[in-house]
Each structure stands twice: as C-alpha cells, then as structure tokens.
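Remember, predicted model here, so these are calculated numbers, not experimental data.
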Amino acid sequence: MPATEAVASTNTQTPEGLRPIRRALLSVTDKTGVVDFAKGLAAFGVKLVSTGGTSAALRAGGLEVMDISELTGFPEMLDGRVKTLHPKVHGGILHIRTNPEHVAAVAEHEIEPIDMVIVNLYAFEKTAGKPGVSFAEVIENIDIGGPSMVRSAAKNFADVAVVTSASDYEAILGEMAASEGALCHATRWGLAKKAFAVTAAYDAGIATALESIEAPSGKAVFAETALPQVLRVIDPLDKVLRYGENPHQRAAIYIDGSGKGVAGAKQLQGKELSYNNIVDLDACWEIVSEFDSSSAVVAIIKHTNPCGAAAGTTVLEAYKRALEADPVSAFGGVIGINREVDAAAAEEIAKLFVEAIVAPSFTPEALERFATKKNLRLVAIDPIKTPRVLKQVSGGFLVQDADRLRITEADLKVVTKRPPTVEEMKALLFSWSICKHVKSNAIVYGRFAEGFGQTVGIGAGQMSRVDAARFGAMKAVLPLAGTVAASDAFFPFADGLEMIAKAGSTAVIQPGGSVRDAEVIAAADALDVAMVFTGVRHFRHG
C-alpha cells in the first residue's frame, strides 16, 4: 500500500500501531524535495543523520545535521564505498524495539535507534545507458550501502519507516502532523513493500546490464542482440486504466522509467488515454518511425492497422493524402505524425473526429487550435527504439528482436523480364515499409504521386493471401490503375498476383521463397507486371 493510501487508514490504527519518528537517516542520490522534507521532519523534533552530498544539501538548506561518520565513529572511506555499512547504522535500524534482548544489546553498544530511513539509489541504469560509458564507471555506480539500508529498514517495518520515493514525502508529513510525529503500521508496511520492489528492480537492472556486457574492461560494450538468460520484467505501475480492450477487463500501464516512447509520452490535453488508445498510438508511431524527417509522414490507424498512410512536403499535405486513402475508416482513428504539428495541419485535422494524435511536438498555435476539441488526446513523444518484443502466452513469455530490418533498392532482386520504373520502385519501397506494420496476411496497394508515397488500399489480417489482395482492392477509394502492391510474405500460388494485376497494379514487391516462385514469376511476366524479391518477410501476427 503506498503511503498516500496508508495515510487514509491512520485513524483506524490502534495506539500500539503508531511508532514515533525521533531519528532519521537521509542518503539520497535524487535530492528532489529532500530539503523541504527534512525541514518538515525537523519541525517534529526529528534528529537528522546524513551522508556526503545529502548532508551538504541539508546544511545548505539551514538544517542541523549529524554526519554519518560522527554517528559511527568511523570516517567515510574508499571513495565513499564504505560509510553506512556499520553496526551503529544497521543495529540502529534492525533491532526490534519490543525485544528485550535486542534493546539490551543496542544499549550495551551505545547504538541509538534509527526510526526512519530515507534512501534512493545510484542511478545505475542511467549510467549504464550513457554513450561510451566505461566498464569501471558502470561498476562504480552499483550501490551497496543504499540497498542494504533499504532492505534492513523494510525488514524491520514494524518499527522503522523506509522512504524510497520523493512522491511519498508530502503524505508522510501529513500523517505525522495528524499523529503527533508518528506513523501507523499500515503506512510502514506499505512503504516496506514499495522498498522491496525498488531493490528488486534495482538488482534486476544491474543483472540485466552486466549480463549483456561483452568484456569487463575498458569501454562497456553491450551486446544488444543477445537474448537474456533470465527474463526480468520489473517495471513499476504507472497508472491503472479505466479498463482494457473491453469494459469487463481490468488494465494498467507499467513503465520502464526512461520517460521515452509511448509509455513515457506526455499527454498534453484530452480525456484519459484508454488501453486501446495506447495500443493504437504505439502502432501508428511505429509506422511513421520507419521514415526520417526529410519528409512529413502521417499514418491513420484503426484497430492497430493503418487505413491510410502518406508522405508529403508538409504535415498538412501528408495528412490530406493519408485521409484521402480511406476517409470512411479514418473516422474515430488514431494518428501518428513524424514531425512537429503546425497550425495549418491542426486546422485541417480538427475537422475530423479523431481519438488521439501522437507526434514529437506541437506548435503553440496548433495546441491553441486543438484546445477547442477538449476530448481529443494529444500526446508528445520522445522517441525510443525498443530492442525486443515480449508477448505473454499461457505458461510463459515469447521474446523476439523488434522487426527493425529496412530494405533499400540495393537489397532488391528483380525477377521479372520487366524491371520496375523509377516511380514504381519508389512506390514499392514506400508500400513495403507500410506493409511491414499491417496484420498478416497483408497486401498494401500504393502509389508514388507528386513526389511522395501514398497508400491506396490495404488488405489486412486475412486468412489467405488472395483474399488479402481482393480485400485491399475492395477498400480502395482512389484509382488502382497504375498502383503497385506489397505482400508481407510470398505468394503460395499465382492467384494472389493475378488478383493484384486484375485490380490494376503494375508492379509487386514480395519476399520470394515459395516452391512455386517460378510459376508466380511466369504469371507476372505474362501480365507485364514488374516484380522484385526482398528475400525477407514481415509476418505480423499480433
């Protein structure tokens, strides 16, 4: 139970459940709010003991503080590696106040009780993630004393409060004000559970990072392609959502702490994001991330599949072209944009009912225009490349590398008598990039007009490839004559290619690799359809 929840139950505790806070030990890496918190503690007569930089910060704030070396009678040493690992620290934390033998032992050794431990840990994962970080620096940022104090205090929660997050400072002071400087059992138990989660996540982060380091010397070289020997997923709860995919399903979002990606994105306005919103936002952001910002790219998503995607000189131009591809399906969709959204684009997008928009940023003028649509969710994202994809199955998890493979013209093999024209080749590459993000079986019809790519029809999630080709053609609003088509996997028979040619496409991009490739190529030649093989497929099953 978080401290904020525990405070609400203070009045239900018996007097025996309250423990006064008389001495607190503070040692924090993140000093956000710690001076004000310490001032609040001091106002209740709490004596403050602190270490190194935390002690200096508290003194600078005008507080009277005892250095840890004064408490232990032993100086901090080994560049700060040894400062709190001492019986007068851990004895003060761990002794059980109601155990006569414990009380006698600490009295004999003149150990003073420590009733509250305020600790947050070295930012190990932040250090390990720095470009060019040395192995020595990674190792030096493994906190030893901090986790030891946290675990000691959490274990002895019956007598000691352990505080590992600045977000709990206000609630703790509030409860102490209501309880004459004491904290109740429920609060201490809630703080202890949070503390054990903190140390578990911290140790998991260390183990995961060290497991991927190739050589323990010099520059820390991380083997990003290696799959972990142990799968560790200890991301903290960020928010409980209203419900999951459907109202009868519970749901929540957990975050990795990077502050990046869709999970770490900043919502600028609108209703609370739903489970489905977040899934769709991730899907459309993945699509537009396929392209650099040399041109604007917009993807409109419905149930994780694109209904329209296009590029343009401006966001406005790209949006109009994406909407043009399927204006009916776009209603109530989610939009991803790879550039800052300006006022001109906002003015046009605001004409359509849209659930959510994700982009790197929005101009003040765009925000002002969208402000009139109060339910529209605007999300600003700091991009991140997720190296792996995790999927839960009954009894375990599947883990795979994220599908980051990109194809260029140089990677393609022309297999038909007629090679694609320059325009066809550009359209093929654009359509292939979109097809990668469409549920299998997938066929994407596209074109390259006025210098930019645009989808024309999308056949998504069909049970046969020929049906995907047929459905994509049925969905087309724009003319199919002269389009190209992308297939996420090979054609098992020629009928799928023949359906595409019948719809009006003149060029096809597909992986190849079927036992009937020769038959499919012969059909393409007979229909004067240019065809290229990528040599790789892009199945997308969920």
Side-chain angles (χ1 to χ4, degrees), residues 1-28 30 32-50 54 58 63 89-103 106 111-121 146-201 236-240 252:
M1 182 189 304
T4 50
E5 294 178 29
V7 169
S9 62
T10 299
N11 295 331
T12 66
Q13 302 301 307
T14 63
E16 290 75 19
L18 294 171
R19 290 290 185 270
I21 308 299
R22 297 189 178 95
R23 182 187 298 263
L25 193 160
L26 301 93
S27 182
V28 295
D30 180 2
T32 304
V34 74
V35 173
D36 288 338
F37 183 52
K39 287 180 178 178
L41 294 175
F44 294 113
V46 178
K47 294 180 181 178
L48 308 178
V49 182
S50 189
T54 307
L58 298 181
L63 289 159
V89 173
H90 288 275
I93 296 169
L94 277 167
H95 76 275
I96 299 173
R97 277 55 165 177
T98 56
N99 185 318
E101 292 181 2
H102 285 201
V103 174
V106 296
I111 296 174
E112 295 286 343
I114 296 172
D115 307 309
M116 179 180 284
V117 172
I118 302 103
V119 170
N120 54 56
L121 309 177
S148 298
M149 288 189 292
V150 168
R151 289 175 65 85
S152 292
K155 177 175 180 176
N156 201 25
F157 72 90
D159 293 312
V160 180
V162 56
V163 186
T164 54
S165 173
S167 65
D168 290 321
Y169 292 169
E170 183 179 353
I172 288 169
L173 292 178
E175 181 175 337
M176 290 177 69
S179 304
E180 298 181 353
L183 291 176
C184 71
H185 184 276
T187 290
R188 296 193 306 276
W189 175 228
L191 292 170
K193 289 191 287 185
K194 180 180 288 190
F196 279 123
V198 166
T199 57
L237 173 69
D238 179 54
K239 185 185 299 182
V240 174

**Study point:** Sequence-distant partners of Arg97, side-chain hydrogen bond (donor to acceptor under 3.5 Å, both in side chains), two or more places apart
**Key:** Asp115
**Study point:** Gap separating the CD1 atom of Ile21 from the CD atom of Glu175, nearest 0.5 angstrom
**Key:** 9.0 Å
Point to revise | Pairs involving residues 32-46, ordered by first then second residue, that meet side-chain hydrogen bond (donor to acceptor under 3.5 Å, both in side chains) (sequence neighbours left out) | key: Asp30-Thr32
Practice item. For residues Ala161 and Leu191, report the shortest heavy-atom separation together with the two atoms involved. Key: CB-CD1, 4.3 Å
Review point. For Phe44 and Glu180, what are the C-alpha separation, side-chain angles and deciding distance, and is it a side chain to side chain contact (heavy atoms under 4.5 Å, CB included)?
Key: CA-CA 8 Å; Phe44 294 113; Glu180 298 181 353; over 6 Å; no
**Study point:** Shortest non-hydrogen contact between Leu63 and Ala38, atoms and distance
**Key:** CD1-CB, 3.5 Å
Practice item. Identify the heavy atoms of His102 and Ile96 that sit nearest to each other, and give their distance. Key: ND1-N, 3.0 Å
Revision key, fill the gap. One should read off an interatomic distance between Ile114 CD1 and Ser152 OG, to the nearest 0.5 angstrom, of 10.0 Å
Point to revise | Which atom of Ala154 lies closest to which atom of Ala192, heavy atoms considered | key: O-CB, 3.7 Å
Exercise for review: Any chance you could measure Leu183, atom CG, to Arg188, atom CZ, to the nearest 0.5 Å?
Suggested key: 7.0 Å
Revision key, fill the gap. Note: Gly92 and Ile111 closest approach over all heavy atoms is N-CG2, 3.4 Å
Review point. According to the interplanar angle, ranging from 0 to 90°, do the rings of Tyr169 and Phe37 count as parallel (below 30°), tilted (30 to 60°) or perpendicular (above 60°)?
Key: parallel
**Study point:** Spacing of Met116 atom CE and Ile172 atom CD1 [to the nearest 0.5 Å]
**Key:** 5.0 Å
Exercise for review: Please examine the side chains of Val150 and Val198, heavy atoms only from C-beta on, and report whether any two atoms are closer than 4.5 Å.
Suggested key: no
Check your understanding: Has Arg22 got more than 12 heavy atoms of other residues, nucleotides or ligands less than 6.0 Å from its CZ?
Key -> no
Exercise for review: In sequence, state the C-alpha distance, the side-chain angles, and the governing distance for Glu112 and Val49, and then conclude on side chain to side chain contact (heavy atoms under 4.5 Å, CB included).
Suggested key: CA-CA 11 Å; Glu112 295 286 343; Val49 182; over 6 Å; no
**Study point:** His95 side, atom NE2; Glu101 side, atom CD - distance, nearest 0.5 Å
**Key:** 13.5 Å
Review point. Do Leu58 and Leu26 pass the side chain to side chain contact (heavy atoms under 4.5 Å, CB included) test, and can you show the C-alpha distance, the side-chain angles, and the key distance before you say yes or no?
Key: CA-CA 9 Å; Leu58 298 181; Leu26 301 93; 4.2 Å; yes
Check your understanding: Can you list every pair that meets salt bridge (charged side-chain N to carboxylate O under 4.0 Å, His left out) and has a residue in residues 152-161, with sequence neighbours left out?
Key -> Arg19-Asp159
**Study point:** Nearest-0.5 Å distance that lies between atom CG in Leu41 and atom CD1 in Ile118
**Key:** 5.5 Å
Revision key, fill the gap. For Asn120 and Thr164 the tightest heavy-atom approach is CB-O, 3.9 Å
